[in-house]
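Predicted model, so just to flag it, every value in this text is computed and none were measured. Each residue takes its place number in the sequence, starting with 1.
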Amino acid sequence: MSTGETPSHGLPPVWLLISLQAVVSAASLVVEIVAGRMLAPYLGMSIYTWTSVIAVVLAGFSAGHWAGGIIAGQDPARSLRLNGWAMAGAALFTASALFILRWAAALILPRTENPLMAIILITSLVFFIPSFMAGIPAPVLARIAVLKDERGAGRALGGIFAAGAFGAIAGTLAAGFVFISWLGTTGTLAAVTIAYLACAAASFLSSGRIETRILPVILMALLVPAATALAAVRAPVVCEFESRYFCIRTVDVSAERGAAAKLMVLDHLAHGISYRDTSQRMGTPHAALLELLARQRMDGRDFSAFFIGGGSYSIPRAWEEIEAVSSMTVAEIDPAVTTIARNQFWFKPVKTSVLDGDARLALRSDETRYDVIIGDAFTDIAVPQHLVTREFFALVRSRLKDDGIYLMNIVDHAGRLAALSAVVRTLQETFPIFEVWTERENTGDRIVFIVLAGQTASNFTTVSEANFGFGNPPRSFSRIKAESVSSLIAKLDPPLLTDDYAPIDRLMGPLD
């Protein structure tokens with residue numbers, strides 16, 4: 001044995017090493033899951049966001065494992081102390097993630113036109129270093145476990161690897177089902193910080209005698225992350241409420257609207273505006289057009305409606321006061337959204353039934369047929385994939401009455417229209433009639449469209465809302481000529497969206 005090397009009897013027990021690996025793995029996976037939620041208010045929650053998070057975290061782990069391998073080759077006592085410093089670093093950068101994110105978003109978003117580049121840069125700045133630090137312990141703890149139990153080296157290594165996998169599973173489940181819902185983002189990061197600090201303290205204590213002059217530095221390395229985590233918990237929050245699905249905010253827009261009104265924001269996307277004293281007034285163009293088209297197609301007769309997504313519940317709230325609407329069912333996947341709509345957006349359901357769950361599952365489980373089905377569900381800026389497929393549209397048609405209509409909100413780039421054309425092409429596979437509507441004066445990079453599908457065509461080509469908002473001019477909407485839409489589809493040749501292949505995120509991605 002070389003001089004200065006710690007004998008096996010002076011090394012920490014294998015069970016402690018296995019426990020440390022389990023805690024580190026769990027904590028690191030909690031951060032990975034929380035990363036998506038943290039980025040959502042700034043970058044949205046899309047496949048691009050999650051792809052970037054997973055790639056950056058894995059890159060951090062890989063680099064950390066490489067560095068940990070170098071550390072593991074040193075004297076075991078020194079390796080444990082360096083592992084302690086790595087865990088203190090992981091704690092510090094995890095506790096600081098909220099502040100780094102806000103700094104990075106303020107620095108990068110105004111200066112980066114390409115959203116994919118912004119996602120990658122911000123994710124890397126915030127989450128690479130804590131992932132790198134969390135990757136260091138695995139090779140360090142594995143080598144020390146082998147030194148501790150040379151005869152059972154295989155068993156020790158197996159225990160370390162199993163602990164890493166078990167911890168990753170436990171951390172993933174805990175983050176998704178417990179921590180985010182109960183502690184929120186900053187509370188969860190604070191819990192992870194404490195876990196890393198505990199691992200750091202255990203590493204230092206297990207390394208043997210520590211020089212007295214180093215003790216104050218170690219103490220400071222443990223206290224600074226704890227203080228940073230406390231500051232993060234007390235910092236002003238971006239989300240008023242963090243549910244299992246969204247970062248939810250309500251914004252008072254009364255001053256700009258000229259009357260008492262609130263805006264609901266889910267992650268970084270505005271989902272609807274409601275006026276306190278005038279429920280019939282729609283606060284957004286897409287809600288106004290959905291509401292107008294549905295009522296004009298029903299032509300004054302009694303009708304029932306099913307809503308895919310609730311959001312601010314602006315249309316169901318307005319239709320509560322319309323005698324012609326006999327019944328409404330709303331499938332809203334997030335119960336917290338419904339609670340906030342009731343408490344802050346003046347939604348008082350009487351003839352509306354609210355289902356807490358996915359709309360596709362709700363339609364599949366109940367064979368009730370409706371006069372109107374309205375699709376207004378979004379994940380980030382795109383409709384969820386399973387709600388734009390040929391199979392889903394077939395389900396929708398089976399739940400419509402003979403002259404029923406399906407209305408769907410679509411947002412697309414003015415310079416491409418790939419998502420719109422793909423959705424319309426897919427609807428054509430199921431419905432004999434389709435119509436594309438939009439605001440007459442629609443300008444900007446992104447345009448809001450409403451697609452109407454059914455058995456018969458509308459007998460009107462324009463609709464208008466006389467009182468869109470207090471002091472605002474009337475808004476007019478027009479139907480795009482069917483020949484123009486058909487020409488667009490022929491030109492772009494968009495993919496048919498199916499349950500097997502529905503790249504709506506790519507079609508709605510940034511312009512080249």
Under the criterion side chain to side chain donor-acceptor pair (under 3.5 Å), I'd like the reasoning laid out for Thr338 against Tyr313: C-alpha separation, chi angles, the key distance, then a yes or no. CA-CA 8 Å; Thr338 303; Tyr313 282 78; 2.7 Å; yes
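- The main-chain N or O of Phe477 is never found under 3.5 Å from a side-chain atom of Glu439 such that the two would form a donor-acceptor pair.
- Side chain of Ser314 to main chain of Ile273: a donor-acceptor pair is present (N/O by atom type, distance under 3.5 Å, no hydrogens or angles).
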Step by step, work out the side chain to side chain contact (heavy atoms under 4.5 Å, CB included) result for Phe307 and Asp376. CA-CA 7 Å; Phe307 292 84; Asp376 190 22; over 6 Å; no
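- Side-chain contact between Val451 and Leu427 is present, with heavy atoms from C-beta onward closer than 4.5 Å.
- More than 12 heavy-atom neighbours from other residues, nucleotides or ligands sit within 6.0 angstrom of CG on Asn343.
- In this structure, Asn409 and Val448 approach most closely via the heavy-atom pair OD1-CG1, 3.3 Å.
- In this structure, Glu332 and Gly311 approach most closely via the heavy-atom pair OE1-N, 3.3 Å.
- Checking Arg257 against Tyr275 by side-chain atom types alone, a donor-acceptor pair falls below 3.5 Å.
- Using a 4.5 Å heavy-atom cutoff, the side chains of Leu488 and Val424 are not in contact.
- Ser131 approaches Phe61 most closely through the heavy-atom pair O-CD2, 3.3 Å.
- No donor-acceptor contact under 3.5 angstrom links the side chains of Asp499 and Gln385, judged on distance only.
- Note that the CG atom of Asp412 and the CD1 atom of Ile447 stand 8.5 Å from one another [nearest 0.5 Å].
- Judged by distance alone, with hydrogens and angles left aside, the side-chain atoms of Ser28 form a donor-acceptor pair with the main-chain N or O of Ser25 at under 3.5 Å.
- Checked for salt-bridge contact, Arg297 and Asp371 miss the test: no charged N lies under 4.0 Å from a carboxylate O.
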Residue pair Ser458, Glu435: steps toward the side chain to side chain donor-acceptor pair (under 3.5 Å) verdict: CA-CA 8 Å; Ser458 303; Glu435 299 171 0; 2.8 Å; yes
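- Residue-environment remark: CZ (Phe93) stays at or below the threshold of 12 foreign heavy atoms within 6.0 Å.
- Side-chain contact check for Val396 versus Arg399: every heavy-atom pair is 4.5 Å or farther apart.
- Using modelled atom types and a 3.5 Å distance limit, the side chains of Glu320 and Thr352 yield a donor-acceptor pair.
- A donor-acceptor contact shorter than 3.5 Å links the side chain of Arg397 to the backbone of Thr430.
- By the 30° and 60° cut-offs, the orientation of the rings of Phe306 relative to Tyr370 is tilted.
- Taking the side chain as every heavy atom from C-beta outward, Ile308 and Phe392 approach each other to under 4.5 Å.
- There is a side-chain donor-acceptor pair under 3.5 Å between Glu242 and Thr185.
- In terms of heavy atoms, Leu293 sits closest to Ile450 at CD1-CG2, 3.9 Å.
- At a cut-off of 3.5 Å, with distance as the only test, a side-chain donor of Thr250 or Gln344 sits close to an acceptor on the other residue.
- Using modelled atom types, one finds a donor on one side chain and an acceptor on the other under 3.5 Å when comparing Asp252 with Ser254.
- The two residues Asp302 and Glu323 come nearest to each other via the heavy atoms OD1-O, 4.3 Å.
- There is a side-chain donor-acceptor pair under 3.5 Å between His386 and Asp358.
- Distance OG1/Thr426 to CG/Leu497: 3.5 Å, rounded to 0.5 Å.
- Residues Ile489 and Ser486 fail the side-chain proximity criterion, which asks for heavy atoms closer than 4.5 Å.
- Two residues are said to be in side-chain contact when any heavy atoms from C-beta on lie closer than 4.5 Å; His271 and Val265 fail this criterion.
- When every heavy atom of Val31 is checked against every heavy atom of Val192, the shortest pair comes out as CG2-CG1, 3.6 Å.
- No more than 12 heavy atoms of other residues, nucleotides or ligands lie within 6.0 Å of CZ in Arg234, so this atom counts as exposed by the packing criterion.
- Using modelled atom types, no side-chain atom of Arg244 and backbone atom of Gly176 make a donor-acceptor pair closer than 3.5 Å.
- Interatomic distance, CD of Glu291 versus CD of Gln296, reported as 9.5 Å (0.5 Å rounding).
- Ring geometry, Trp319 versus Phe303: the interplanar angle exceeds 60°, so the pair is classed perpendicular (tilted spans 30 to 60°).
- The closest side-chain donor-acceptor pair between Thr368 and Asp366 falls under 3.5 angstrom.
- More than 12 heavy atoms of other shown residues, nucleotides or ligands fall within 6.0 angstrom of atom CZ in Phe99.
- Once rounded to the nearest 0.5 Å, the distance linking CZ of Arg111 with CG of Leu121 reads 12.5 Å.
- Within 6.0 Å of the NZ atom in Lys481, the count of heavy atoms belonging to other residues, nucleotides or ligands does not exceed 12.
- Checking Thr123 against Ser52 by side-chain atom types alone, a donor-acceptor pair falls below 3.5 Å.
- Checked against a 6.0 Å centroid threshold, the rings of Trp437 and Phe460 count as neighbours.
- At a threshold of 4.5 Å between non-hydrogen side-chain atoms, the residues Gln280 and Ile322 count as touching.
- Classification of Glu240 and Arg249 as a salt-bridged pair fails, no side-chain N sitting under 4.0 Å from a carboxylate O.
- Residues Ile373 and Leu407 have side chains not in contact (no heavy-atom distance under 4.5 Å, counting atoms from C-beta outward).
- No side-chain donor-acceptor contact under 3.5 Å links Tyr42 to the backbone of Ala104.
- Rounded to the nearest 0.5 angstrom, Phe347 CZ and Ile315 CD1 are separated by 12.0 Å.
- Between the side chain of Thr278 and the backbone N or O of Arg281, no donor-acceptor pair lies under 3.5 Å.
- In this structure, the side chain of Gln428 does not engage the main chain of Phe434 through any donor-acceptor pair within 3.5 Å.
- Although no hydrogens or angles enter the test, the distance criterion places a donor-acceptor pair under 3.5 Å between the side chain of Ser487 and the main chain of Glu483.
- Between the side chain of Arg425 and the main chain of Ala490, no donor-acceptor pair closer than 3.5 Å is present.
- In this structure, CG in Leu43 is found 5.5 Å from CG in Leu109, a value given to the nearest 0.5 Å.
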